[in-house]
Amino acid sequence: VYSYTILIRGLVRARQWRAIDRLVAEIEREGRVVLDNVAFCTVIAGAGKAGEVEEALRWFQRMQERGCVPDTVTFNAVINAYGRAGRLKEAMAVLESMAGAGLEPDRVTFSTLLSAFGSAGMRDEAVSMFERMQGAGQGVDLVAYGSMLDLYAKAGELDEALKLLRQMQAGGVSPDAACWNCLFHGMGKAGRVDEAYALFAEMREAGCAPDQVTYSTLIWMCSTAGMIDRALAVFRLMEGEGFCPDEYCYTALLNHYASARQWQRAAAVFQELKQKGCPFGEVTYSAMINVFSKAGRLAEAEATFTEMKLAGHPPNTVVYSCMIDMCGKARSLERAVALFREMLGAGCTPNAVTYNTLIDVFGKNGRMAQAEAAFQEMRLAGLQPDRVTYSAMINGRGQAELYPEAIQLFEEMRAARCQPD
RNA sequence: CGGUGGUGUAAUGCGUGUU
């Protein structure tokens with residue numbers, strides 16, 4: 001069982017879900033080994049983290065069908081799979097069945113729930129659970145603190161986050177790198193670069209060693225704020241400290257060059273990353289394609305698009321949306337449509353952004369009939385039109401001089417509980 | 001050290017001073 005679990009773990013890391021199916025089928029056919037909680041939980045946890053909730057649930061069900069009784073660790077993994085997907089009601093239902101099985105929630109369960117509240121945007125519920133945990137005088141460990149710091153930072157409540165950090169320190173708890181990183185990310189989102197730098201100095205004075213995430217977050221923050229010199233300085237700093245900049249660091253730089261329309265610099269950075277042998281995947285490819293797309297370099301974007309396919313990375317929804325957007329802005333409607341077809345043929349599912357892009361592309365090119373069709377199709381696919389959808393539609397109808405129809409969309413927006421901004 | 005919890009990167013509309 002141990003050996004097979006290690007094998008399964010490898011497949012989980014590589015996200016080879018079908019290969020896991022085959023392996024488990026074979027193990028069961030041989031019948032010499034019976035998989036246990038650890039083996040099943042490895043798959044459930046991995047799938048949950050990868051956002052493959054259905055995959056996780058399938059395994060949870062399958063293990064029970066095989067007569068394997070889930071333990072606390074497995075229940076926690078299932079709760080986390082739902083929680084990360086923002087499916088809080090279902091997470092709570094699993095918590096119930098856990099209790100029904102006579103298992104007590106442990107401190108992992110609690111911080112899993114805190115993050116789940118965070119993902120579901122249920123800030124107040126998280127705060128009250130956290131306070132109850134503190135009141136109970138046990139169970140508040142660094143991960144629980146980290147979950148709360150992340151939640152506050154993502155909600156833009158930086159002062160609350162700072163307050164909590166000070167509270168930890170006052171209580172003799174030293175924040176670890178993950179805790180500090182949550183604050184840096186929040187500061188980055190808020191554009192509070194100088195404060196982040198001050199905190200970074202404080203982190204080091206406190207004797208907490210920055211990690212890869214710290215550096216990539218700082219680089220991302222500077223890049224996003226348009227401070228490329230600072231971003232590059234952090235890049236050099238981390239190298240000086242013996243860290244090897246990873247895919248996240250490079251992608252942050254690429255993203256800056258995309259907004260700055262500096263595609264040559266981006267191309268040089270992309271080249272450097274490859275030369276250093278730094279592993280990278282679809283996100284970095286899409287960032288590079290986005291650079292070319294924003295700069296209107298169609299040929300280069302197409303070349304990178306082909307390159308990623310050849311490298312064994314099938315383009316995902318983000319890449320297709322980006323390519324379609326580029327073609328639309330370049331008025332290459334045929335190519336845009338061809339890409340959308342290719343996407344469907346490749347089994348890549350369009351999301352709201354893809355449809356919004358199509359609607360905008362058609363509308364801007366005077367093809368309202370196709371924009372309307374995309375608008376329909378989007379809803380048929382079960383996707384909720386959002387503000388971007390409506391404003392792209394309103395624009396399109398406006399450009400087509402369909403004024404009453406445009407105004408009507410404004411009304412539909414309200415009816416669809418999509419508040420105009 | 002066979003399994004569970006917190007942190008980082010990419011795509012869409014409008015607007016933000018010159019179509």
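In the text below, chain A, chain B and the rest are named by the order of the sequence lines, each starting its count at 1.
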So, does [X] get its side chain near the phosphate of [N], meaning an N or O under 4.0 Å from OP1 or OP2?
X: Lys189(A); N: rU7(B); result: no
X: Arg387(A); N: rU12(B); result: no
X: His185(A); N: rU9(B); result: yes
X: Asn290(A); N: rA11(B); result: yes
X: Asn356(A); N: rG13(B); result: no
X: Arg107(A); N: rG5(B); result: no
X: Lys49(A); N: rG6(B); result: yes
X: Lys364(A); N: rU12(B); result: no

Counting any heavy atom closer than 4.0 Å, what does [X] reach on the DNA or RNA strands: base, sugar-phosphate only, or nothing?
X: Val361(A); result: nothing
X: Asp106(A); result: nothing
X: Ala77(A); result: sugar-phosphate
X: Ala39(A); result: base
X: Thr217(A); result: sugar-phosphate
X: Thr74(A); result: base
X: Cys179(A); result: base
X: Asn37(A); result: base

Could you work out which one of [options] sits closest to the side chain of [X]?
X: Ser321(A); options: rG13(B), rA11(B), rG6(B); answer: rA11(B)
X: Val353(A); options: rU12(B), rA10(B), rU7(B); answer: rU12(B)
X: Val318(A); options: rG6(B), rG3(B), rA11(B); answer: rA11(B)
X: Val73(A); options: rG3(B), rA11(B), rG8(B); answer: rG3(B)
X: Trp220(A); options: rU9(B), rU12(B), rU7(B); answer: rU9(B)
X: Ser115(A); options: rG8(B), rG6(B), rA10(B); answer: rG6(B)
X: Val213(A); options: rG6(B), rU7(B), rG2(B); answer: rU7(B)
X: Ser391(A); options: rU12(B), rG13(B), rG8(B); answer: rG13(B)
X: Cys322(A); options: rA11(B), rG5(B), rU7(B); answer: rA11(B)
X: Leu142(A); options: rG8(B), rG6(B), rU12(B); answer: rG6(B)

Go through the N and O atoms of the side chain of [X] and the base of [N], and report whether any donor-acceptor pair is under 3.5 Å.
X: Asp36(A); N: rG2(B); result: yes
X: Asp246(A); N: rG8(B); result: yes
X: Thr112(A); N: rG5(B); result: no
X: Ser147(A); N: rG6(B); result: no

Are any side-chain N or O atoms of Asn181(A) and backbone N or O atoms of Ala177(A), one a donor and one an acceptor, separated by less than 3.5 Å?
->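 Checking the backbone N and O of Ala177(A) against the side chain of Asn181(A), a donor-acceptor pair under 3.5 Å is found.
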Whole-Å distance separating the [atom1] atom of [X] from the [atom2] atom of [N]:
X: His313(A); N: rU9(B); atom1: NE2; atom2: P; value: 19 Å
X: Asp386(A); N: rU12(B); atom1: CG; atom2: P; value: 13 Å
X: Tyr215(A); N: rU7(B); atom1: OH; atom2: P; value: 21 Å
X: Asn316(A); N: rU12(B); atom1: CG; atom2: P; value: 14 Å
X: Phe292(A); N: rA11(B); atom1: CZ; atom2: C1'; value: 16 Å
X: Glu377(A); N: rU12(B); atom1: CD; atom2: P; value: 21 Å
X: Tyr355(A); N: rA11(B); atom1: OH; atom2: C1'; value: 16 Å
X: Leu35(A); N: rG3(B); atom1: CG; atom2: P; value: 15 Å

May I ask you to check if Arg84(A) and Tyr82(A) form a cation-pi contact, with NZ or CZ under 6.0 angstrom from the six-membered ring centre and within 45° of the axis?
->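 Relative to the ring axis of Tyr82(A), which defines the angle, Arg84(A) lies outside at least one limit.
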Are Glu52(A) and Arg58(A) within salt-bridge range, i.e. N to O under 4.0 Å?
->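 No, no charged N to carboxylate O under 4.0 Å.
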Is the closest basic N to carboxylate O distance between Arg87(A) and Glu54(A) below 4.0 Å?
->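 Between Glu54(A) and Arg87(A) there is a salt bridge, with a charged N closer than 4.0 Å to a carboxylate O.
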Rounded to whole angstrom, note down the C1' distance from rU19(B) over to rG15(B).
->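 Approximately 16 Å lies between the C1' atom of rU19(B) and that of rG15(B).
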Sole candidate of Phe270(A), Phe235(A), Trp220(A) that passes ring pair (Phe, Tyr, Trp, His ring centres under 6.0 Å) when paired with Tyr250(A) =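 The ring pair (Phe, Tyr, Trp, His ring centres under 6.0 Å) with Tyr250(A) is passed solely by Phe235(A) among Phe270(A), Phe235(A), Trp220(A).
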Candidate list Arg397(A), Arg379(A), Arg367(A), test salt bridge (charged side-chain N to carboxylate O under 4.0 Å, His left out), partner Glu372(A), passing option =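 Per the salt bridge (charged side-chain N to carboxylate O under 4.0 Å, His left out) rule, the option paired with Glu372(A) is Arg397(A), out of Arg397(A), Arg379(A), Arg367(A).
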Less than 3.5 Å apart, which donor and acceptor atoms pair up between the side chains of residues 381-388 of chain A and the rest of the protein, not counting sequence neighbours?
from: Asp386(A); atom 1: OD1; to: Asn356(A); atom 2: ND2; distance (Å): 3.2
from: Asp386(A); atom 1: OD1; to: Val388(A); atom 2: N; distance (Å): 3.1
from: Asp386(A); atom 1: OD1; to: Thr389(A); atom 2: N; distance (Å): 3.0
from: Asp386(A); atom 1: OD1; to: Thr389(A); atom 2: OG1; distance (Å): 2.8
from: Arg387(A); atom 1: NE; to: Gln419(A); atom 2: O; distance (Å): 2.7
from: Arg387(A); atom 1: NH2; to: Gln419(A); atom 2: O; distance (Å): 3.1

Please table the atom pairs, donor to acceptor, closer than 3.5 Å between any side-chain atom in residues 110-124 of chain A and protein atoms at least two apart or in another chain.
from: Ser111(A); atom 1: OG; to: Arg107(A); atom 2: O; distance (Å): 3.2
from: Thr112(A); atom 1: OG1; to: Val108(A); atom 2: O; distance (Å): 2.6
from: Ser115(A); atom 1: OG; to: Ser111(A); atom 2: O; distance (Å): 3.1
from: Ser119(A); atom 1: OG; to: Ser115(A); atom 2: O; distance (Å): 3.1
from: Arg123(A); atom 1: NE; to: Glu157(A); atom 2: OE1; distance (Å): 3.2
from: Arg123(A); atom 1: NE; to: Glu157(A); atom 2: OE2; distance (Å): 2.6
from: Arg123(A); atom 1: NH2; to: Glu157(A); atom 2: OE1; distance (Å): 2.8

